[in-house]
2 protein chains.
Amino acid sequence: MQNLTEQAITAADKTFFQLRKDIVEGVVLAGSKLSETELSTKYGVSRAVIREAINRLEACHIVERKANVGARVVSLSPEGLVDLYQVRESLEGMAARLAAQNMSDDEIADLNALLNVHSQDVKNHGSYYQEAGDVDFHYRIILGSKNNHLIAMLVNGIYHLVRMYRVQLGMSGPRVSTAFDEHKHIVQAISNRDGELAEMLMRRHILYSKNNIQRKLAPEQM
Amino acid sequence: MQNLTEQAITAADKTFFQLRKDIVEGVVLAGSKLSETELSTKYGVSRAVIREAINRLEACHIVERKANVGARVVSLSPEGLVDLYQVRESLEGMAARLAAQNMSDDEIADLNALLNVHSQDVKNHGSYYQEAGDVDFHYRIILGSKNNHLIAMLVNGIYHLVRMYRVQLGMSGPRVSTAFDEHKHIVQAISNRDGELAEMLMRRHILYSKNNIQRKLAPEQM
DNA sequence: CTTTGCTATATTGTCGACAACATTAGGTTG
DNA sequence: CAACCTAATGTTGTCGACAATATAGCAAAG
């Protein structure tokens, strides 16, 4: 897929990645309690590494812990979605601004090439795009900001929660071609080194995306 | 001081708070290695709670860990300062926008009252302001956003790092009266429920603040 | 004298056991 | 019968010991 390769060295790493995956993909249900002993047997490691994994998950707001009581997976809610996307709008907007300022010409050329590939994919299949392509696009701009703080917050923190909402609410459908146009305009602004516009367009893009998910969410129960 | 009262229940909490304080205030030097056994004897707790404290500090970007090697306190650098303040500009700008939209009339009245107190303090002593008052002001707007994600990121994450830079670079000096005017304008925008302007002004305010610190930083060695 | 490989040491990672705390079930009293 | 207190149970928090890994120092070969 893309270069999002975080490699696990220690057992706590592996358990953290696995548990995060299971939560994001709904194998471990949102809102459910995380029993340390139970997970310990399930993943075949000691309670210590389970505790470390849970602590890391707490740091990215995927689980909530109460002292002497335990940890629960966060519950998905419309309010939580709004909060999350507001933060995302703010941070990725800044990322786009900084990318326009800090990406190399080569990186921008690569980004344009990526868009062309996506353009073909949209015309042909019309499907593949949303999951992999969208993530890839945003990921490149985030890295293009060259701001390590920002990168860490988005890649390690926000993005897995975003994916959790998307996966568990069954996002995959349309908004493909319109989103593609928005991506295109953002890259144009970056190519012109217009950080101000790039930020604005990215913020709008994420706002629309939020509205789209909310619209799908409204009629259903949560 | 203010209502930033995080209460420690478990031993890991206490150790985390104490260690964070020691790092932020420079008792534990920036860039230094954190030996688990050493800290274990120093704080009189087992290595397990030290490890948990270090993990939490890693989550707020105050220390960096490498597998099988250990943890180091982050080094303060001009680049790190810029990265940090860009993130802060982005998030607190959004906080101001949301505060204009979500604070109650009473809360806004309180905020105005706070500014009046500060106005007096600036006229009389001219000192007290910067540390406590500034933090208090920003803190209220962050809470006023009513966005729990944003609040958590800023209060638990960003702010201690900001304080670390300020304390260890000996910030306390001037920029009092000009900063006060900026605060005043921000509150006016919030009072008018003008989120767009509030965000803009907050971002400028933080940008100026960064430039001010950088100016003080430039001639010295780091 | 430099470089390479090994050994010794120290540090981190992992584990199982014990202690402290919260919760629930049951009994007693008003 | 209701409310409160108490005891039993299960979970989390903390600890010390062991295993695995990295680092530094030393020895030997080129």
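Just so you know, these numbers use all the heavy atoms, side chains as well, and skip hydrogens, waters and symmetry mates. Each chain gets a letter, A, B and so on, in the order its sequence line appears, and its residues count up from 1.
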(request) Can you tell me the distance, in whole Å, between the CD1 atom of A:I50 and the P atom of C:dG16? (result) 12 Å

(message) Could you check whether A:E92 and A:Y159, counting side-chain N and O atoms only, form a donor-acceptor pair closer than 3.5 Å?
(response) yes

(message) Without decimals, in angstroms, what is the distance between B:E52 CD and D:dT14 P?
(response) 7 Å

(request) Starting from P on C:dG13, measure out to CG on A:D13 and report it in whole angstrom. (result) 9 Å

(message) Just to be sure I understand the rule, does B:A11 reach a base, reach only the sugar-phosphate, or reach nothing, if contact means heavy atoms closer than 4.0 Å?
(response) sugar-phosphate

(request) State whether B:F137 and B:R140 meet the cation-pi test: NZ (Lys) or CZ (Arg) under 6.0 Å from the six-membered ring centroid, and within 45° of the perpendicular axis. (result) no

(message) Rounded to whole Å, how long is the line connecting atom CZ of B:R51 with atom P of D:dG13?
(response) 16 Å

(request) Starting from C1' on C:dG13, measure out to CZ on A:R56 and report it in whole angstrom. (result) 12 Å

(message) Would A:R204 and A:Y208 count as a cation-pi pair here, with the cationic atom under 6.0 angstrom from the ring centre and within 45° of the axis?
(response) no

(request) Could you tell me the separation between the NZ atom of A:K66 and the P atom of D:dG13, rounded to a whole number of Å? (result) 12 Å

(request) Rounded to the nearest angstrom, tell me the gap between atom CG in B:L39 and atom C1' in C:dT12. (result) 13 Å

(message) Side chains of B:E182 and B:I206, heavy atoms from C-beta outward: is any pair under 4.5 Å?
(response) no

(message) It should be established whether A:S46 places a side-chain nitrogen or oxygen under 4.0 Å from OP1 or OP2 of nucleotide C:dT14.
(response) no

Just distance, no hydrogens or angles: give the donor-acceptor pairs under 3.5 Å from side chains in residues 79-87 of chain A, sequence neighbours left out.
unit_1, atom_1, unit_2, atom_2, d
A:E79, OE1, A:S77, OG, 3.4
A:D83, OD2, B:N148, N, 3.2
A:Q86, OE1, B:N147, ND2, 2.8

What does the list of N/O pairs under 3.5 Å between the protein and nucleotides 6-11 of chain D look like, with a distance for each?
none

(message) Going by ring pair (Phe, Tyr, Trp, His ring centres under 6.0 Å), name the residues that satisfy it together with A:H138, two or more places apart in sequence or in a different chain.
(response) A:H183, A:H205

(request) Give a yes/no on whether any side-chain N or O of B:R47 is located under 4.0 angstrom from OP1 or OP2 of D:dC15. (result) no

